[in-house]
Engineer: 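Have a look at this one.
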Amino acid sequence: MEKLKLDREQLLLYAVTDRMWEGKQTLEQQTEEALKAGVTFLQLREKDLDTEKFLEKAKVMKEIAGRYHVPFVINDNVEVALLCGADGVHVGQSDMEAGDVRQLIGPDKILGVTAKTVEQAKLAEKRGADYLGVGTVFPTATKPNAIAITMDTVKEICQAVSIPVVVIGGINKNNASMFEGTGAAGLALVSAIFGQENITEAVKDMMERAKKVAGTDK
């Protein structure tokens with residue numbers, strides 16, 4: 001039997017990086033603290049770095065993620081993902097089409113795809129996605145123009161596909177419980193981790209909430 005590239009449990013607490021909160025700590029230090037505290041999956045998102053600088057950062061992040069045996073994917077940039085030897089790549093609907101990405105990265109790398117509708121979700125699964133990122137659910141500073149989707153849509157997507165789903169978009173300790181019973185495998189977080197004064201405490205707190213969402217808190 002083929003070994004799964006990705007266990008559902010690895011998506012429980014999915015961290016998406018953002019340099020917006022660099023200050024006392026560098027992003028690398030913040031990321032290491034988050035992984036040490038229990039983050040289970042890491043996505044490096046860089047919207048404004050050139051390929052050379054992005055690759056440089058990706059290599060460092062891959063090494064950090066490797067120390068904690070956590071899957072590491074690159075947002076949008078297939079070239080950087082391949083050059084740094086990342087575990088995979090995550091693409092949005094406006095980026096390269098999922099089937100084309102799968103051809104470029106081969107069968108063994110992880111492919112994550114953002115989906116906002118049941119149709120997009122089914123198509124992404126058909127074209128080789130290993131998991132879906134579903135959102136944006138709540139307004140978020142990192143994607144101010146993103147179209148929000150409803151909790152019903154989240155449930156419908158989870159029911160329509162056999163691959164795991166992580167929810168993303170403005171999720172924090174005040175609203176995470178709303179995803180309980182949706183069928184989501186985990187929470188994808190940006191500011192709820194990197195925007196917090198104490199990252200370790202934030203991760204541990206959100207991990208407990210993520211377990212309730214995924215139904216693994218029993």
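In what follows, residues are counted from 1 in the order of the sequence shown.
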Engineer: Using modelled atom types and a 3.5 Å cut-off, is there a donor and acceptor pairing between side-chain atoms of R102 and backbone atoms of G128?
Structural biologist: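 Between the backbone of G128 and the side chain of R102 there is a qualifying donor-acceptor contact (under 3.5 Å).
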Engineer: Give, for atom CG of N175 and atom CZ of F138, the distance between the pair rounded to the nearest 0.5 Å.
Structural biologist: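 Rounded to the nearest 0.5 Å, the CG-CZ separation comes to 4.0 Å.
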Engineer: Between OG of S177 and CD1 of I171, what distance do you get to the nearest 0.5 Å?
Structural biologist: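 One gets 11.5 Å once the value is rounded to the nearest 0.5 Å.
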Engineer: Charged N to carboxylate O under 4.0 angstrom, D18 versus K47?
Structural biologist: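 A salt bridge is absent here (no side-chain N lies under 4.0 Å from a carboxylate O).
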Engineer: Roughly how far, to the nearest 0.5 Å, is the CG atom of L6 from the CG atom of L11?
Structural biologist: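 Answer rounded to 0.5 Å: 4.5 Å.
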Engineer: Measure across A184 and V167 and return the closest heavy-atom pair with its distance rounded to 0.1 Å.
Structural biologist: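 Scanning both residues completely, I find the closest heavy atoms to be CB-CG1, 4.2 Å.
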Engineer: Taking all non-hydrogen atoms of both residues, which atom of N198 and which atom of E33 are closest, and how far apart?
Structural biologist: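 Heavy atoms only, the tightest pair is OD1-OE2, 4.1 Å.
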Engineer: Would L111 and V89 count as a side chain to side chain contact (heavy atoms under 4.5 Å, CB included) if you check the C-alpha gap in whole Å, the side-chain angles of each, and the deciding distance to 0.1 Å?
Structural biologist: CA-CA 5 Å; L111 174 58; V89 67; 4.0 Å; yes
Engineer: If the test is side chain to side chain donor-acceptor pair (under 3.5 Å), which one of D76, N77, N75, T114 qualifies with H90?
Structural biologist: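 Answer after filtering D76, N77, N75, T114: T114.
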Engineer: Judged by atom type as modelled, is there a donor-acceptor pair below 3.5 Å linking the side chain of Q43 to the main-chain atoms of A15?
Structural biologist: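 A pair under 3.5 Å: no.
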Engineer: Could you tell me whether the side chain of K116 and the main chain of V134 form a donor-acceptor pair under 3.5 Å?
Structural biologist: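 No; zero donor-acceptor contacts below 3.5 Å.
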Engineer: Are the side chains of W21 and V190 in contact, using a 4.5 Å heavy-atom criterion?
Structural biologist: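 Result yes, sub-4.5 Å side-chain heavy-atom pair found.
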Engineer: Look at the rings of Y14 and F41 and say which category their plane angle falls in: under 30° parallel, 30 to 60° tilted, over 60° perpendicular.
Structural biologist: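 Parallel, since the angle between the ring planes stays under 30°.
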Engineer: Looking at CG of L13 and CD of E208, how far apart are the two atoms once the value is rounded to the nearest 0.5 Å?
Structural biologist: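 Result: 10.0 Å between the selected atoms.
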Engineer: Are the side chains of Q10 and Y131 in touch, meaning some heavy atoms are under 4.5 Å apart?
Structural biologist: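 No - every pair of side-chain heavy atoms lies 4.5 Å or more apart.
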Engineer: Which value, rounded to the nearest 0.5 Å, describes the distance between K24 atom NZ and Q30 atom CD?
Structural biologist: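 Nearest 0.5 Å value for the NZ-CD distance: 10.0 Å.
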Engineer: Testing the basics here: between L35 and L42, what is the closest heavy-atom pair and its distance to 0.1 Å?
Structural biologist: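 Closest heavy-atom pair between L35 and L42: CD1-CD2, 4.3 Å.
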Engineer: Please tell me if the side chains of L55 and K59 come closer than 4.5 Å, counting only heavy atoms from C-beta onward.
Structural biologist: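 A side-chain contact under 4.5 Å exists here.
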Engineer: Do V118 and I157 touch side chain to side chain, with heavy atoms closer than 4.5 Å?
Structural biologist: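 Side-chain contact under 4.5 Å: yes.
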Engineer: Side chains of K36 and T200: closer than 4.5 Å at any heavy-atom pair?
Structural biologist: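 The answer is no, as the side chains (C-beta and beyond) never meet within the 4.5 Å cut-off.
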Engineer: Quick one: closest heavy-atom pair of M206 and A176, and the distance?
Structural biologist: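 Nearest pair, atom of M206 first, then A176: CE-CB, 4.1 Å.
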Engineer: Just so I know, are the side chains of V70 and D87 near enough to count as touching, which here means a heavy-atom distance under 4.5 Å?
Structural biologist: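 Sidechains of D87 and V70: no contact.
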Engineer: Report yes if the side chains of F194 and V16 come closer than 4.5 Å at any heavy-atom pair, otherwise no.
Structural biologist: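 Heavy-atom side-chain distance check fails, nothing below 4.5 Å.
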Engineer: Examine distances only and state if a side-chain atom of N172 and a backbone atom of N174 form a donor-acceptor pair shorter than 3.5 Å.
Structural biologist: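 Yes: the side chain of N172 pairs with the backbone of N174.
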Engineer: Only one of K53, R19, K57 forms a side chain to side chain donor-acceptor pair (under 3.5 Å) with E46, so which one is it?
Structural biologist: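 Of K53, R19, K57, side chain to side chain donor-acceptor pair (under 3.5 Å) with E46 is met by R19 alone.
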Engineer: Shortest non-hydrogen contact from V80 to A58?
Structural biologist: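 Of all heavy-atom pairs spanning V80 and A58, the closest is CG1-CB, 3.8 Å.
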Engineer: Are V39 and Y68 connected in a single hydrophobic cluster, I mean Ile/Leu/Val/Met/Phe/Trp/Tyr linked by side-chain heavy atoms less than 4.5 Å apart?
Structural biologist: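 Cluster IDs for Y68 and V39 match.
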Engineer: What's the shortest heavy-atom distance between I105 and I110, and which atoms?
Structural biologist: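 That would be CD1-O, 3.9 Å.
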Engineer: Does any non-hydrogen side-chain atom of I64 lie less than 4.5 Å from one of V60?
Structural biologist: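 Of all side-chain heavy-atom pairs linking I64 with V60, at least one is under 4.5 Å.
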Engineer: Counting neighbours of CD on E201 that are heavy atoms of other residues, nucleotides or ligands and sit closer than 6.0 Å, is the number greater than 12?
Structural biologist: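 12 or below, so no.
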Engineer: Working to the nearest 0.5 Å, report the span between CD of E32 and CE of M61.
Structural biologist: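 One gets 10.0 Å once the value is rounded to the nearest 0.5 Å.
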Engineer: Check this for me, if you would: do D205 and K173 make a salt bridge, where the nitrogen-to-carboxylate-oxygen distance has to be below 4.0 angstrom?
Structural biologist: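 Salt bridge: no.
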Engineer: Given the rule that I, L, V, M, F, W and Y join up when any side-chain heavy atoms are under 4.5 Å apart, are V101 and L123 in one cluster?
Structural biologist: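 No, it is not one cluster - the side chains of V101 and L123 are not joined through contacts under 4.5 Å.
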Engineer: Which residue pairs satisfy the side chain to side chain donor-acceptor pair (under 3.5 Å) criterion with at least one member in residues 149-170, sequence neighbours excluded?
Structural biologist: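 Applying side chain to side chain donor-acceptor pair (under 3.5 Å) to every pair that reaches into residues 149-170, excluding sequence neighbours, yields E125-S162, T150-T153.
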Engineer: Do NZ/NE/NH1/NH2 and the carboxylate oxygens of E63 and R67 come within less than 4.0 Å?
Structural biologist: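 Salt bridge flag = yes for R67 with E63.
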